[in-house]
Colleague: 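Have a look at this one.
Note on naming: letters A, B, ... go to the chains in the order of the sequence lines (proteins, then strands), and numbering restarts at 1 for each one.
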There are 2 protein chains.
Amino acid sequence: MTNLFANMREKEIKKLMQVLKSNTVTYRKNINILSNRTRDDYIAIIDSGSLQIIFNDYDGNKTIIEELNTGEIFGSLTYSLNTDEITCITKEETKITYIEYNQITNDEIIKSDFYIIFIKNLIRLLSDQLNICNQRIELLTQRTTRDKILGYFKQQSTIKGSKTFIMNITFTELAAYLSVDRCSMTREIGYLKEEGFIKTNGRKITLLY
Amino acid sequence: MTNLFANMREKEIKKLMQVLKSNTVTYRKNINILSNRTRDDYIAIIDSGSLQIIFNDYDGNKTIIEELNTGEIFGSLTYSLNTDEITCITKEETKITYIEYNQITNDEIIKSDFYIIFIKNLIRLLSDQLNICNQRIELLTQRTTRDKILGYFKQQSTIKGSKTFIMNITFTELAAYLSVDRCSMTREIGYLKEEGFIKTNGRKITLLY
DNA sequence: TGTAAAGTGTTGCAAATGCAACAATAATAT
DNA sequence: ATATTATTGTTGCATTTGCAACACTTTACA
């Protein structure tokens, strides 16, 4: 369940969605969901499923800017998607709820008694997204692949609260996340193991320092 | 210029700050302003001045994660700063207003008639920050220095609405922003000029394609 | 106004990295 | 159960990039 509705009852959520004039669309896998969006400001909430925001280079390269999962939000409020260079592809069957930005302060909703909760949830969600972005920037600005990998492992270790943890993404996805060549990354992880900095067993990582 | 107090009168701003129990501190140049922050969630607004958020590597390297200027916000709502690895240094004399996150929905303020404006401003500010982050990620995820530079120039060209524009940061700062070696960047810009992709004159850039 | 600090430009060299082209295994779908 | 797709591992090689060590110019400031 989406955080946008945290601390709200089913009935309130239904009412909220109605007052916000939200609309929900379900997409099949591998659909470009931005092709039919308007140019107005909007918030899109992933009710279920996941998607990738992809940057299409001038010479045909594709870069995954962001992967978004259930509960997360996107839309013009988080990233200007109104350009041909950006596409947004569902990774699986995905349900999206759209809310027009201007509706979040419409006359009816600000009178409802769950409005403050909703607004606080929205702020928290934007805030979470911002934290995620900044954490990634912290890694992307590292000069070497080694520092990116170690930085990621350290973040995970902090989140999981242990020097041993299991990665919840694949190595292929990690390479994309850190924006490095997967093969070079594998090579570097090999060196890190040789030099005794880490131990790995599949996606189980142990920091030895 | 976006700011937390857009569309509010002087008197309302004063009232708001009071109700929010905000406190304002002025720092001199080169001060680490995080040394005395609590661990509560808070929003910090830069009333005037500027600062850098710096990541301190395990082996002494410093990376500028973010540069923030007048009107922008930071704090735990945007980036977890509660770690020794992060320092936050004023670049000049800087005035900061702190607001406890929990205060933004206190009993008194939600009754005020400028509350909706304030909340909308806050959401807009978070949203702007998120857009800035994502734009930078778009550049940082480019594989080559060339693509980073061209990406940045393209963004600027779009923002300024012309193929000729003047950079509002120094080349040294651009290198830090793109997280590449300044010398390598200069070299690459040289190649781009030779190959006829761009023309430069100081910080005036012209795209020729 | 003079001096220190910051920004810019250049280049050789070593090291890191992306790319390509594989093979092998694991996961998923029909 | 089997075919198909995704993930992982490996390695040679060319290229890109960071680093270091300069000189020169511009800007800041005491």
Side-chain angles (χ1 to χ4, degrees), chain A residues 28-30 50 52 57 59-64 67 89 91-93 139-151 166-195 197-205, chain B residues 28-30 49-50 52 57 59-64 67 89-93 139-151 166-195 197-205:
Chain A
R28 272 174 301 118
K29 191 178 170 175
N30 290 324
S50 59
Q52 294 181 323
D57 219 295
D59 52 46
N61 284 327
K62 287 173 191 298
T63 317
I64 301 166
E67 282 227 17
I89 310 287
K91 283 186 72 185
E92 56 198 302
E93 180 168 302
L139 301 177
L140 290 174
T141 50
Q142 293 306 305
R143 291 170 230 24
T144 63
T145 299
R146 166 166 297 214
D147 286 340
K148 285 175 185 159
I149 298 166
L150 288 178
I166 293 169
M167 283 172 46
N168 37 23
I169 56 173
T170 66
F171 284 100
T172 303
E173 285 169 328
L174 177 57
Y177 182 71
L178 300 177
S179 199
V180 296
D181 180 64
R182 186 191 59 80
C183 306
S184 303
M185 189 186 80
T186 308
R187 178 167 38 200
E188 195 63 37
I189 288 173
Y191 295 152
L192 283 169
K193 288 202 278 190
E194 272 178 35
E195 295 171 37
F197 286 108
I198 58 169
K199 225 168 52 185
T200 74
N201 181 4
R203 289 175 204 161
K204 188 171 115 188
I205 314 291
Chain B
R28 271 174 302 119
K29 191 178 172 176
N30 290 324
S50 60
Q52 293 181 323
D57 219 296
D59 51 48
N61 284 326
K62 287 173 191 297
T63 316
I64 301 165
E67 282 228 18
I89 309 287
T90 54
K91 283 185 72 183
E92 57 198 300
E93 179 167 303
L139 300 177
L140 290 174
T141 50
Q142 294 306 307
R143 290 169 231 23
T144 63
T145 299
R146 167 167 295 214
D147 286 340
K148 285 176 185 157
I149 297 166
L150 287 178
I166 293 168
M167 282 171 48
N168 36 25
I169 57 174
T170 66
F171 283 101
T172 302
E173 285 169 328
L174 178 57
Y177 183 71
L178 300 177
S179 199
V180 296
D181 181 65
R182 186 191 59 81
C183 307
S184 303
M185 188 186 82
T186 308
R187 179 167 39 199
E188 195 63 38
I189 288 174
Y191 295 151
L192 283 168
K193 288 201 279 190
E194 273 177 35
E195 295 171 38
F197 286 108
I198 60 169
K199 225 168 53 184
T200 74
N201 182 3
R203 289 176 202 159
K204 189 170 115 186
I205 313 290

Colleague: Rounded to whole Å, how long is the line connecting atom NZ of A:Lys91 with atom C1' of C:dA27?
Modeller: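 Distance, rounded to whole Å: 14 Å.
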Colleague: By the definition side chain to side chain contact (heavy atoms under 4.5 Å, CB included), identify the one residue from B:Thr63, B:Asp181, B:Val180 that meets it with A:Arg143.
Modeller: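 Checked B:Thr63, B:Asp181, B:Val180 against A:Arg143; only one passes side chain to side chain contact (heavy atoms under 4.5 Å, CB included): B:Thr63.
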Colleague: Walk me through it: do A:Lys148 and A:Glu188 pass the test salt bridge (Lys or Arg N to Asp or Glu O under 4.0 Å)?
Modeller: CA-CA 11 Å; A:Lys148 285 175 185 159; A:Glu188 195 63 37; over 6 Å; no
Colleague: Nearest of D:dT17, C:dG9, C:dT17 to any side-chain atom of A:Thr144?
Modeller: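 Of D:dT17, C:dG9, C:dT17, C:dT17 is nearest to the side chain of A:Thr144.
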Colleague: For B:Glu188 and C:dT17, give me the distance from atom CD to atom C1', rounded to whole Å.
Modeller: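 Spelled out: CD on B:Glu188 to C1' on C:dT17 is 15 Å.
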Colleague: So, does the side chain of B:Arg187 form a donor-acceptor pair with the base of C:dG12 at under 3.5 Å?
Modeller: yes
Colleague: Pick from B:Leu140, B:Ile64, B:Thr145: which one makes a side chain to side chain contact (heavy atoms under 4.5 Å, CB included) with B:Ser179?
Modeller: B:Leu140
Colleague: Out of C:dT10, D:dT8, C:dT17, which nucleotide sits closest to the side chain of A:Thr145?
Modeller: C:dT17
Colleague: Just the rounded figure in Å: distance from P of C:dA14 to CG of B:Asp181.
Modeller: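 Roughly 17 Å, once rounded to whole Å.
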Colleague: Take the protein atom CD1 of B:Ile189 and the nucleotide atom P of D:dT17, then report the distance between them rounded to whole Å.
Modeller: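 Taking atom P of D:dT17 as the reference, CD1 of B:Ile189 is at 13 Å.
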Colleague: Rounded to whole angstrom units, what separation is found between the CG atom of B:Asn30 and the P atom of C:dA6?
Modeller: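 Result: 9 Å.
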Colleague: Given C:dT17, C:dG7, D:dC19, which nucleotide is nearest the side-chain atoms of B:Arg203?
Modeller: C:dG7
Colleague: Using only heavy-atom distances, decide whether a donor-acceptor pair under 3.5 angstrom links the side-chain of B:Thr170 to the base of C:dG7.
Modeller: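 Check fails, no donor-acceptor contact within cut-off.
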Colleague: Starting from P on C:dA16, measure out to CD on A:Glu195 and report it in whole angstrom.
Modeller: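 Distance check: A:Glu195 CD to C:dA16 P gives 10 Å.
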Colleague: Could you tell me the separation between the CZ atom of A:Arg146 and the OH atom of A:Tyr191, rounded to the nearest 0.5 Å?
Modeller: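 One finds 9.5 Å between CZ of A:Arg146 and OH of A:Tyr191.
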Colleague: Once you round it to whole Å, what is the distance between C1' of D:dC19 and CE of B:Met185?
Modeller: 16 Å
Colleague: Once you round it to whole Å, what is the distance between P of C:dT17 and CD of A:Gln142?
Modeller: 12 Å
Colleague: I'd like to know whether CD of A:Glu93 has more than 12 heavy-atom contacts from other residues, nucleotides or ligands below 6.0 angstrom.
Modeller: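 Check fails, neighbour count at 12 or below.
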Colleague: Side-chain donor or acceptor of A:Arg182 under 3.5 Å from a matching atom on the base of D:dG9?
Modeller: yes
Colleague: So what does B:Ser184 touch, heavy atoms closer than 4.0 Å: a base, only the sugar-phosphate, or nothing?
Modeller: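 Base contact.
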Colleague: For A:Glu173 and for B:Lys29, locate the closest nucleotide of DNA chain D by heavy-atom distance; then report the residue assigned to the nucleotide nearer the 5' terminus.
Modeller: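 Result of the comparison: A:Glu173.
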